[in-house]
Student: 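Dumping the structure here so I can ask a few things about it.
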Amino acid sequence: MRIKIWGSRGSIPSPLKPEDVEEKICQAIFGMPDIDTDDMEAVREHVRELPPLLRGTAGGNTSCIEIQSGEDAIIIDAGSGL
């Protein structure tokens, strides 16, 4: 049996680095339609229409373990819920 830990962390998932947040903001502004940026509801509507990973986050070195026994493999990927 072989056990490999692919991802591990402390009690808090890893946050995005500042340059990652900046890139997400740039991508959101780059694709922005011609809207009145003084109209907060129009801005919110644009943000709601962005792809989920552009308007949010995922991952962050969360728990993931691979267990191999012979030719069988089990992946335990619990995300932040473990």
Student: Just verifying a value: how many Å separate Ile74 CD1 and Ile65 CD1, rounded to the nearest 0.5 Å?
Tutor: 11.5 Å
Student: My understanding is that only residues two or more places apart in sequence, or in another chain, count here; which of them pass side-chain hydrogen bond (donor to acceptor under 3.5 Å, both in side chains) with Gln27?
Tutor: Glu23
Student: Under the side-chain hydrogen bond (donor to acceptor under 3.5 Å, both in side chains) rule, what pairs show up with a residue in residues 28-47, not counting sequence neighbours?
Tutor: Glu41-Arg48
Student: Considering residues at least two apart in sequence or located in another chain, which fulfil the side-chain hydrogen bond (donor to acceptor under 3.5 Å, both in side chains) criterion with Glu22?
Tutor: none
Student: Any chance you could measure Lys4, atom NZ, to Cys64, atom SG, to the nearest 0.5 Å?
Tutor: 10.5 Å
Student: With rounding to the nearest 0.5 angstrom, report the CD1 to CD1 distance, Ile76 to Ile67.
Tutor: 4.0 Å
Student: According to a hydrophobic-cluster definition based on side-chain heavy atoms being under 4.5 Å apart (Ile, Leu, Val, Met, Phe, Trp, Tyr only), do Ile5 and Met1 belong together?
Tutor: yes
Student: Give, for atom NZ of Lys24 and atom CD1 of Ile29, the distance between the pair rounded to the nearest 0.5 Å.
Tutor: 14.0 Å
Student: Taking Arg2 for the side chain and Gln68 for the main chain, is one N or O donor matched with an acceptor at less than 3.5 Å?
Tutor: no
Student: CG/Asp20 to CD1/Ile25 distance, rounded to the nearest 0.5 angstrom?
Tutor: 11.0 Å
